[in-house]
Amino acid sequence: MNFDFSDDQYLFHDSVRDFLGDRWSVAKLRTHLEGSGFDDALWRDLSELGLLAMLVPEEHGGLGLGYVDLALVLEEFGRHLVPGPAVETMLATDIIVRYGTPEQRAALCPAIASGALRIAPAIAEVEAGFDLDQTAAVAVSSGDGWLLSGRKILVPYADSVDRLLVVARFGEAGPLGLVLVEPGRAGITMRPHSLLDIASRAHEVVLDGVATGRGDVVGGGPSPDAVLRLADGGAVAASAQMAGVAGKVLDLAVDYANQRIQFGKPIGSLQAIKHRCADMLASLETGRTAAYYAAWALADDPPERARIVSMAKAFCGDAARSICNEGLQIHGGIGFTWELDIHLYLRRAKALEYAFGDAATHRERVMSATLLEMEAA
Amino acid sequence: MNFDFSDDQYLFHDSVRDFLGDRWSVAKLRTHLEGSGFDDALWRDLSELGLLAMLVPEEHGGLGLGYVDLALVLEEFGRHLVPGPAVETMLATDIIVRYGTPEQRAALCPAIASGALRIAPAIAEVEAGFDLDQTAAVAVSSGDGWLLSGRKILVPYADSVDRLLVVARFGEAGPLGLVLVEPGRAGITMRPHSLLDIASRAHEVVLDGVATGRGDVVGGGPSPDAVLRLADGGAVAASAQMAGVAGKVLDLAVDYANQRIQFGKPIGSLQAIKHRCADMLASLETGRTAAYYAAWALADDPPERARIVSMAKAFCGDAARSICNEGLQIHGGIGFTWELDIHLYLRRAKALEYAFGDAATHRERVMSATLLEMEAA
Amino acid sequence: MDFSYSPEEEAFRSEVRAWIAANLPDGWGRVVHEPEDEDARYMFRLDWEKKLYAGGWAGLSWPKEYGGQGATLVQQAILAEELARAEAPEGLNIIGRNLTAPTLIHHGSEAQRRRFLPPILSGEEVWCQGFSEPNAGSDLASIRTTAIRDGDHFVINGQKTWTSFAQYAQWCFMLVRTDPAAPKHKGISFLLVDMASPGITIRPLRQISGESEFNETFFDDVRVPVANLVGGLNEGWKIAMTTLTYERGPEDALARQIRFKRDLMRLIQTARTLPRGRGKTAIDDPVLRQKLASSVIEIELMRLNCLRSFSKQLQGKPLGPESSFQKLYWSHTAQRMYETALETLGPTAVLAAGDPLVPGDGQFQTGFLQSRAFTIYSGTSEIQRNIIAERVLGMPR
Amino acid sequence: MDFSYSPEEEAFRSEVRAWIAANLPDGWGRVVHEPEDEDARYMFRLDWEKKLYAGGWAGLSWPKEYGGQGATLVQQAILAEELARAEAPEGLNIIGRNLTAPTLIHHGSEAQRRRFLPPILSGEEVWCQGFSEPNAGSDLASIRTTAIRDGDHFVINGQKTWTSFAQYAQWCFMLVRTDPAAPKHKGISFLLVDMASPGITIRPLRQISGESEFNETFFDDVRVPVANLVGGLNEGWKIAMTTLTYERGPEDALARQIRFKRDLMRLIQTARTLPRGRGKTAIDDPVLRQKLASSVIEIELMRLNCLRSFSKQLQGKPLGPESSFQKLYWSHTAQRMYETALETLGPTAVLAAGDPLVPGDGQFQTGFLQSRAFTIYSGTSEIQRNIIAERVLGMPR
């Protein structure tokens, strides 16, 4: 029983933090408000630092680490507004490592570890709300393989990745599974979304009878467990990033409040400001607790994984929302100017809040899981 | 278009306020924590002041007034924690005046106006939640009349009133209606509840085949509109009383904060306290707006009555809850002592919050009504 | 208490409705919309304002001697309701109508009123507000922009910020320090400044919503005739309080309420059609219905709070510090509504204007971003709470 | 990071579970309950505490030289979990175990530790806390109770309030003013007082829940040996900060978490059976489910916040001002839960203990009333926020 990170994990976190502090900045991110949004140099740097190899097994040239090792890194990504598709590639890596065939692992893992392969999950559909069971994309059996059709939205950096990891149903009312396809394969068209998070990119991707073979399907066939894990991984990654965004916003707010003079004293000495910051800290720290615990649940995979993951996504979503809103408020007038970075954090937090299910959806999942656990006890 | 009370209404309000200030007190209320809870002297005084005659038509010896005239009085009742069954008798009066047969009006109204007849509605049932449609009490046709059976809870002051106004279904799946019966009639048993609001009284009342005639039934037969109006009247009376309770609690909190010295100054000078009081004022004033508007809606009976009434019950319920909680918090340690009156306000507000439907129930009703209005537009 | 309208008022409503129907651009709201470009949009709004003036609807309840129509406040409210019902364009000269005018009516000289009020109504002169400075936001009384007397002129030097619509304005009312030696509230004066004066530089401030209605405005030896002083020398603070009371008051709130309610109704309409799988739409979700209902309640009560305040004013009771409660209430109410709007959109909450899949053309996302400023401008919520606690509840400083 | 248990720990768990099963009163929770009468209830709890001691479970993780068992914090947590699972009675000597003991371990002399710690564990000596005074609540450093040196005694005069369990306590630790001339934080000392000393008068304070665990305690020429001074003369404030840190810390929070979680699980069980008409029960209501889920999440995270803090302590990092965030968090979390409990009960929310129709014997109403004090005692939320802002976030006073 130990709820702390190891010395190695802290050391790794320090190196990531220092590295991002040196090599990445919101000013650089602002150069990507137009265009593909993909930063080649950052990708190369992340790859050299070994981040993309973290979840790859050692036998395939990776570090053989897990979600607990990733938690602090993801939080740091949130703090620094690191753009995709790094996190997305990590989510896909975890799935390929756990559910891929030996051939798939051997073919894909070394390329992921070296930074040569970028992957984006394609999950959401406009008609389905946040309910994966409502997935309409379908892989229809055809000869030795499947013809894949459907319309996915919010596919991150779809024009900058090498593979899409598509959630689809196998047969009209069949089980869910995951298919890996190159974005350029025949039958795939895409268009960029206009996004609230202006420093991110995502696309609407239409798949129209895309020919896929057994080798394209993760694990060689339907894999509903892999789909659930992909969604849970996304929820945990979003939670940890939200904790990072919120932590940064609290720091910005405290710094600003401590130096902004009104009425002859720093506004940080006024209870209206300082008490709010204290409440922000309490929800931030509890959010971090939730995100770390959920990372452990993904790594250890206990029977309560779904409940633990949803606890984090619901709590961190609410916490990040209120911390970003309050952080902007504490900045007063300059808080709502384009020049100040705070709106970029607010936008990112909002994107993460609605990614992989909103707080209400996850609260309902916590309730269902709790009732099942009570019945089982 | 005028959203204000008339000079007469303000004058009447002043006299009620002065009267209650002189003749009633929380100290007197505390003498009723045991026993029947009924205060003879107060009842006589209220009756002499003409309050029980307000809703009685002039032709029956009353003042012929309506809910708008009542709004400020009900608010004052909340401020002074006036105990039942005065408000309950007023709610019943409105129903008898509007839906009673001429014989019923002639028989009951003069007695009500003179203070000789006390009435308590019997509405709630333990299995029904807050849904009137789930009423199980039933009047089964028998000869010229009906046999009335059912189990009612939370019947206010059932052992101190002269009539119960019972909501029942006419026939197993029939329409709802209202029956007036003496609490002593054969087949009626009751027991006092143990209540969170220790300064109030209510009973569980069991009706077992109580023989009733056409003259006992309000309007002589089923009257679903009367039942709805009774519930709406109760919701408005509760809203106005909650505004009164909350207003008093805010006054107590501000007074205490202004005189309590900590750290060498009144705690009312600290933003943690004063900003909270400002928020309390904003929700109090909006709650009063809502309650007054709802009183008008009961008086004028526009097509949107249900929505307007439910807006008030939902908003005032939330406002009173938070104002009472915050008011207690501002009092610090003495706030949670039995000796201080504030818990009596908290308890009353809680009783009113859950009377005639809680906030969630009324929000749902607002939503349904809004959608219907949109379809009609 | 009476929320019904007289036959005369209903007749007036018919007249208004007919005029609007005849004068809105053909195809308004279906094929004709506000221009995308921000400058063009504001000029479009100004044109509409001028059209309203030409139709005799501007300053409906203002005194006739200043260009008004001498109508009742109820007629004024009916006009507002009908414009809202038709989803007519907004105006541009909001500051002139809502702030300059009542300030001059209370504190201006007769000459100032006659000179400045009519062109506000006609749309010939748009106004902007020069109060805040970079180091004087919540602490407004610490402004440093100076005005030094030189013959029959004041000479202004300094910087203002958050000067809304400065780029479209012909005139600016502003607070300047005229006695640096006096205690900070006592050395301030209230001046009317021609924006065409030499020495004024404007730099737009882009907001998080992408719009730029606010500006930084620099004053470099700007000369203003002494006749443009409102009230007495060094009496500007008291006058500013009047301006702020109107900025935060029920008239401003009611105009906003109409826009918020329009957005809320569009949101509910959107929720009725937004798919959520299994043949259900967003409006079928009981959890979401609770939040939408809260907004229905809160936005409707915003209107009624305004009416309650108007009724008091009609009885001759002046608008006082309690207007701060209106501002506090509506700003948080609106923020909650736009958060609920995003929750209603579900996965598509993260899209933005321009995406074919974003419900309501991205207006809810824009509204959300704009709403973050509601609790900051016109006095932050923290300032409103101070005012309410100290001046309404009598709590100590 | 590892939330699993070793085989040794699982074996320990079995041992604990067996002992509890064998030692709980026969029929506990079914036919045997805590006495209704408050005095009898506390004596019943003290008996249970003594039984735990006799079984070798008291002070499990304390050093052996002070009567402890030298077990690990994990074993301590397993014991707590198993007691919770069995819904075993609570103890009475909470202040002795959670506050007196760590304060003496940090600041007491070796003689004080050997004298006072063992009888805390054995339940022979129950403790109460004499900090607050009528005019020194949030502003604790302004206490006025004096202790004046007279030979080898201090003579105490003054009044304390909120002295929990004073009526059952053999000993009291208290703050007294020993140098009235010094600045207020500098003239305070920390004394251990025998409650049997002549001159002590206790008046119970009834709370809104009807219970009277708190008291006003009056000291009239009460003589205390100088040997009962903890730490140096006039160094009491620093010592009190240690006490408060433990009062607000994770150990206290974890014990509370177990009770809150028990109540929450009972609430959810209640919701599964509570009729809401049309064959549905409360748990079928999606709106209520959201609120219950929020409490499930918040209460579970309360436990994990504690574990995170324990893990830091295990690495030798001291418990600091961040314990204020635990107190702030749990108190509001619990208040929300009991509000949700009343919402769950629907119309029967307004009933109370003793009514045959009240679900859960009225425990939710009692819990609601008790919860109103959570954000006040052990330092109000306002005080915790000051501490967090100033001492954790480094914001200015």
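What you see is a predicted model, and the numbers here were worked out from it, not measured in a lab.
The residue among Q207(D), K280(D), R276(D), K184(D) with the most heavy atom pairs within less than 4.5 Å of chain B is Q207(D). With chain D as partner, the option from E353(B), H343(B), E125(B), E364(B) having the largest number of non-hydrogen pairs under 4.5 angstrom is H343(B). Between chain B and the residues V287(D), N135(D), T348(D), the largest count of heavy-atom pairs under 4.5 Å involves N135(D). Among I153(B), L270(B), L195(B), I334(B), the residue with the largest count of heavy-atom pairs under 4.5 Å with chain D is L195(B). Highest contact tally toward chain B, considering only V358(D), T366(D), L351(D), is held by L351(D) [criterion: heavy-atom pairs under 4.5 Å]. Most heavy-atom pairs under 4.5 Å with chain D: of the set A124(B), G333(B), A351(B), this distinction falls to G333(B).
Heavy-atom neighbours of Q259(B) CD from other residues, nucleotides or ligands within 6.0 Å: above the threshold of 12. Within a 6.0 Å radius of CG in N258(B), more than 12 heavy atoms belonging to other residues, nucleotides or ligands are found.
Residues R260(B) and P134(D) share a closest heavy-atom pair of NH1-O, 2.7 Å. Considering every non-hydrogen atom in both L196(B) and A349(D), the closest pair reads CD2-O, 4.0 Å. The shortest heavy-atom contact between P347(D) and L154(B) is O-CD1, 3.4 Å. Smallest separation of non-hydrogen atoms from S194(B) and G354(D): CB-C, 4.1 Å.
Side chains of T375(D) and Q329(B): a donor-acceptor N/O pair is present below 3.5 angstrom, by distance only. A donor-acceptor contact closer than 3.5 angstrom is absent between the side chains of Q335(D) and N325(B).
Contacts of A353(D) with chain B are made by backbone atoms alone, with heavy-atom separations under 4.5 Å and no side-chain atom involved. Proximity to chain B (any heavy atom under 4.5 Å) is shown, for Q370(D), by neither the backbone nor the side chain. Of the atoms belonging to R385(D), it is side-chain heavy atoms, and not backbone ones, that fall under 4.5 Å from chain B. Contacts of R276(B) with chain D are made by side-chain atoms alone, with heavy-atom separations under 4.5 Å and no backbone atom involved. Within the 4.5 angstrom heavy-atom criterion, no atom of A141(D) approaches chain B. The parts of S381(D) that come within reach of chain B are both its backbone and its side chain, each placing non-hydrogen atoms under 4.5 angstrom from that chain. With a 4.5 angstrom heavy-atom cutoff, L342(D) touches chain B via backbone and side-chain atoms both.
With hydrogens and angles disregarded, no donor-acceptor distance shorter than 3.5 Å links the side chain of E382(D) to the backbone of A272(B). With hydrogens and angles ignored, the 3.5 Å screen pairs a side-chain donor or acceptor of Y354(B) with a backbone N or O of E343(D). Using modelled atom types, one side-chain atom of Q262(B) and one backbone atom of G137(D) make a donor-acceptor pair closer than 3.5 Å.
With rounding to the nearest 0.5 angstrom, the OG1 atom of T337(B) is 9.5 Å from the CD atom of E216(D). For the atom pair L357(D) CG and R151(B) CZ, the distance stands at 5.0 Å (nearest 0.5 Å). To the nearest 0.5 Å, the span separating CZ on R278(D) from CD on Q134(B) amounts to 4.5 Å. Within the model, atoms CD1 of I330(B) and OG1 of T380(D) stand 11.5 Å from one another, a figure rounded to the nearest 0.5 Å.
With F336(B) as reference, W162(D) is the one residue of F374(D), W162(D), F368(D) to meet the ring-ring contact (aromatic ring centres under 6.0 Å, His included) rule.
At least one side-chain heavy atom of L369(D) sits under 4.5 Å from a side-chain heavy atom of R347(B). Counting only heavy atoms from C-beta outward, the side chains of V350(D) and H193(B) never approach each other to under 4.5 Å. Side-chain contact between R191(B) and P356(D) is present, with at least one heavy-atom pair separated by less than 4.5 Å. Counting heavy atoms from C-beta outward, R372(D) and L346(B) have side chains that approach closer than 4.5 Å. Side-chain contact between L328(B) and I208(D) is present, with heavy atoms from C-beta onward closer than 4.5 Å. Residues S138(D) and F263(B) meet the side-chain proximity criterion, which asks for heavy atoms closer than 4.5 Å.
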*salt bridge (charged side-chain N to carboxylate O under 4.0 Å, His left out) between R206(D) and E339(B): does it pass, once the steps are laid out?*
CA-CA 7 Å; R206(D) 195 171 179 200; E339(B) 281 72 23; over 6 Å; no
